[in-house]
Q: 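Got a structure here, written out as structure tokens. Questions coming.
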Amino acid sequence: MRKLVALVALTAAFGISHAQDKVLRVVPHSNLSILDPVWTTAYMSRNHGYMIYDTLFGTDEKNNIKPQMVESWTESPDHRLWSFKLRKGLEFHDGKPVTSEDVVASLARWGKRDAMGSALMTFVDRMDTPSADTFRIFLREACGFTLEALGKPSSNVPFIMPKRVADTDPFKQIDDYIGSGPYVFKKDEFKPGDKAVYVKFAKYVPRKEAPSGTTGGKNVYVDRVEWNLALRDAQAQVNALQKGEVDIIEALGFDFFENAKKDPNIQIPKYSTVNLQYMARFNHLHKPFDNPKVRQAVLAAFDQKQFLQAQVGVKELYNTCASMFTCGTPYGSPAGSDIQSKSNMKKAQELVKASGYDGTPIVVMKPTDLASIQKLPDVAAQLLRQAGFKVDLQAMDWQTLVGRRAKKDPIDKGGWNMFLTAWQGHDIWNPIANPTMDTRGEASGWFGWGKDDKLLALRAQFMRETDNAQKKKLADAIQTRAFEIGTHVPLGEYSQPMAARKNISGFFITNGNIYWNLKKN
Amino acid sequence: MISFVARRLLATVPVLLIVAVLVFLMLRFAPGDPAAILAGDAASTEQIARIRAELGLDRPILAQFGIWIGNMARGDLGESFYYKMKVATLIGQRLEPTLALATLTILFAIAVAVPLGVVAAWRFGGWFDRALMGFSVLGFSVPVFVLAYVLIYVVSLKLGWLPVQGYQRIAEGFGPFLRHLILPSFTLSVIYIALIARVTRAAVLETLGEDYIRTARAKGLPEFRVLVHHGLANAAVPIVTVIGIGIALLIGGVVVTESVYAIPGLGRLTVDAVLARDFPTIQGVILFFSFVYVLLNLLIDLSYVFLDPRIRY
């Protein structure tokens, strides 16, 4: 009896509990700091957005745009008037109904921040709200990507917020986190760098369809989701998963993949059909990459396999991809890629000689603290040297790189020639979303500032084209031109493994980090 | 004594001011752009410029310094660029884990190291002494993260006795609080055990050669009393000094331990702030640490009065 009492006392004192709770404990891929998913393009903020907000449309696992908050919609024959009706029962976490005014205000704010949203807004003449559950978009001319923009799955996602929140200056962060999504954000429990907590929104009315991508029924089977923001050491994450202290690791390190597969308590769920793509980006403003012939020589030198073997290393997790638009998505195609995919080092060396390269050292920025891409610059430097370039490989932390790549200054004043990065597939899967296709030179949005009027003209045609077959042809033409001028170098694709305890079920193809439909047994 | 304390407290003002200026300048001249980090990977240069203006980073450095120092004078550490929260709130949130870890570590280190050092001095040249010296070398040499991983593997994963990571606030129960801190504290304490034990041994060894020890023994005092009341008590000043230095070093040492054990403390906050170029948070945390250092030194100096009656201020 004494032993029993002692055991009970010990259990109570030391908090040893075997109760089966319904708390899903997740280790996200990074820290959550910014809670406004329209203000930043950070993926963590986007994932936070998916927890608490809903979207008008979504993208399913086969990359089709499907309605989410929208019940039905019509498009005028001239493609200039779009009318949308909202589903019944949509409600914000504060109990107020979602109305068309909330939608229009949210779209207006998103349209000032997102690249695709901004492109859409150049077509929009006005938006109005004939009734509380109906909104209309009037276009100046036909636009070929209206639904793609409204249903875009990655940053910045057009999340629907209450009008009072969406009216916030788009260049200021919101501080009211009321949404109408399947989870409610527990602001009082949020500790940056420690944890973020979401609880089930009991009044959320899921769609009847099965979940797929960011569409379908957002059914919630757990009471709480806790994001462990403090656990960022890769080995410690795996230890915690093995011990059952966490349920899911969003981004399992490649080094731990084989061991995790062998662990009887761990599963590697398939959650994505769209891979991530590595990319080498040129600075088109300065020598030697202001010369398209030099850029072509680099395209010829950069054999994707060498980058993938060095960086990923696990064969089943990577594949070469000759497309600048993610392979396996509607515009993924090898069009125009021969300069890279059918090339070799000998040809690269010939191209370097023929390009008029004057021996200017190429500054390649290498982030030493970002395991997911840190080996790419070493491979790039080696291949560049083999091709006949002089290379200045400069090591720095990622945040220094992020600051430096925004500089247009010449090399001797802190500028740069090349950096390497990775993109989630849906951020580069079409000519509008893919930032490297914005070739307006210094006016263009993304670092590298490529300039090419021909590509811009093709892109403008793509934006206006409403026929899918024609859009595909135009995307091929755009990519062919991008390879001709060498906007950047695609370096192959990889799948980011996720790891979970075996008692977690309900995973589906989300192409992202989404936490509805999951059950904890 | 009171005037000494007042003078020392007043002296903290110029010290903190110098730290403030140095930190401010170092951060402004360090590479990296907080606006680019905040904007996200796909942000345009125009968006980054807008954010830079919003944060006030487009103003001249002198103007930025003026605003910051003005806020500091009013006791406002500013707002984090990254988290949009008051820096003082962030420090407050992270103080408990770091304080708990540091306190438990130093208490554990003192409880183990001082007796070990005394015994080693008492048995100078014997096997215990040599073993302690060997342990000290090991304790100094093994990196904290290596020790942490080994302990986690054995104690948590293989034996299943303690959690592998995390922190439970004391308000959530003393048991879980302690369970989560045992491994990190032990990990971190090893180097301090080595340091304090060596200094204790050396200090006690020196006092054991003094005439008053011989006298105490000649009077027939039990050896325990000789060691503790005469040997250890007279060796207290260097021991307390090294403990004080240890506490100061500990504040830096918690960074690695907090990372490996996923403890959301001030060390982790500092690393995150540096990586994100979150200037207000870095400045706030460093100033806070500086203040703690100054205060600790003052407390150590004051403790000498009680440990050695010959010392007067």
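All figures in this text were calculated on a predicted structure; none of them were measured in a lab. The sequence lines fix the lettering, A, B, ..., with proteins before strands; numbering per chain opens at 1.
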Q: If the threshold is 4.0 Å, N to carboxylate O, is there a salt bridge linking B:Lys84 and A:Asp36?
A: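 No, no charged N to carboxylate O under 4.0 Å.
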Q: Which heavy atom of A:Asp397 sits nearest to which heavy atom of B:Arg277, and what is that distance?
A: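 Taking A:Asp397 first and B:Arg277 second, the nearest heavy atoms are OD1-NH2, 2.8 Å.
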Q: Against chain A, label B:Phe177 side chain, backbone, both or neither, depending on which of its atoms sit under 4.5 Å from a heavy atom there.
A: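 When you check distances to chain A, no heavy atom of B:Phe177 falls under 4.5 Å.
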Q: Given heavy-atom pairs under 4.5 angstrom as the criterion, report whether the side chain, backbone, both or neither of B:Leu90 touches chain A.
A: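 B:Leu90 touches chain A through side-chain heavy atoms alone.
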Q: Name the option with the most non-hydrogen atom pairs under 4.5 Å to chain B; the candidates are A:Lys172, A:Lys195, A:Gln237, A:Met396.
A: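 It is A:Lys172.
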Q: With rounding to the nearest 0.5 Å, note down the distance linking CG in A:Leu401 to CG in B:Asp33.
A: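 A:Leu401 atom CG to B:Asp33 atom CG measures 12.5 Å (nearest 0.5 Å).
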Q: For residues B:Ile48 and A:Phe447, determine if any side-chain heavy atom of one lies less than 4.5 Å from a side-chain heavy atom of the other.
A: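 Of all side-chain heavy-atom pairs linking A:Phe447 with B:Ile48, at least one is under 4.5 Å.
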Q: Can you tell which part of B:Leu162 gets under 4.5 Å to a heavy atom of chain A, answering side chain, backbone, both or neither?
A: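 B:Leu162 touches chain A through backbone heavy atoms alone.
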Q: So, for B:Val260 and A:Ala236, which heavy atoms are closest and what is the spacing to 0.1 Å?
A: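 Result for this residue pair: O-CB, 3.3 Å.
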Q: Report the option among B:Leu269, B:Ile263, B:Leu157 that has the most heavy-atom pairs separated by less than 4.5 Å from atoms of chain A.
A: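 Heavy-atom pairs under 4.5 Å are most numerous for B:Leu157.
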Q: Do A:Arg232 and B:Ser259 come close enough that some side-chain heavy atom pair is under 4.5 Å?
A: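 No, every pair of side-chain atoms sits at 4.5 Å or beyond.
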Q: A:Pro192 and B:Gln93: which non-hydrogen atoms are nearest, and at how many Å?
A: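 Minimum heavy-atom contact is CD-OE1, 3.6 Å.
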Q: If you take all heavy atoms of A:Leu32 and B:Tyr83, which pair is closest and at what distance?
A: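 Closest heavy-atom pair between A:Leu32 and B:Tyr83: O-CE2, 4.2 Å.
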Q: In Å, rounded to the nearest 0.5 Å, how long is the span from CD of A:Gln235 to CD1 of B:Ile152?
A: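 Output value for this atom pair is 8.0 Å.
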Q: Looking just at side-chain N and O atoms, do A:Asp233 and B:Gln165 make a donor-acceptor pair shorter than 3.5 Å?
A: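 Per modelled atom types, A:Asp233 and B:Gln165 side chains form no pair under 3.5 Å.
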Q: What pair of heavy atoms forms the shortest contact from B:Arg169 to A:Asp194, and how long is it?
A: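 Nearest pair, atom of B:Arg169 first, then A:Asp194: NH2-OD2, 3.9 Å.
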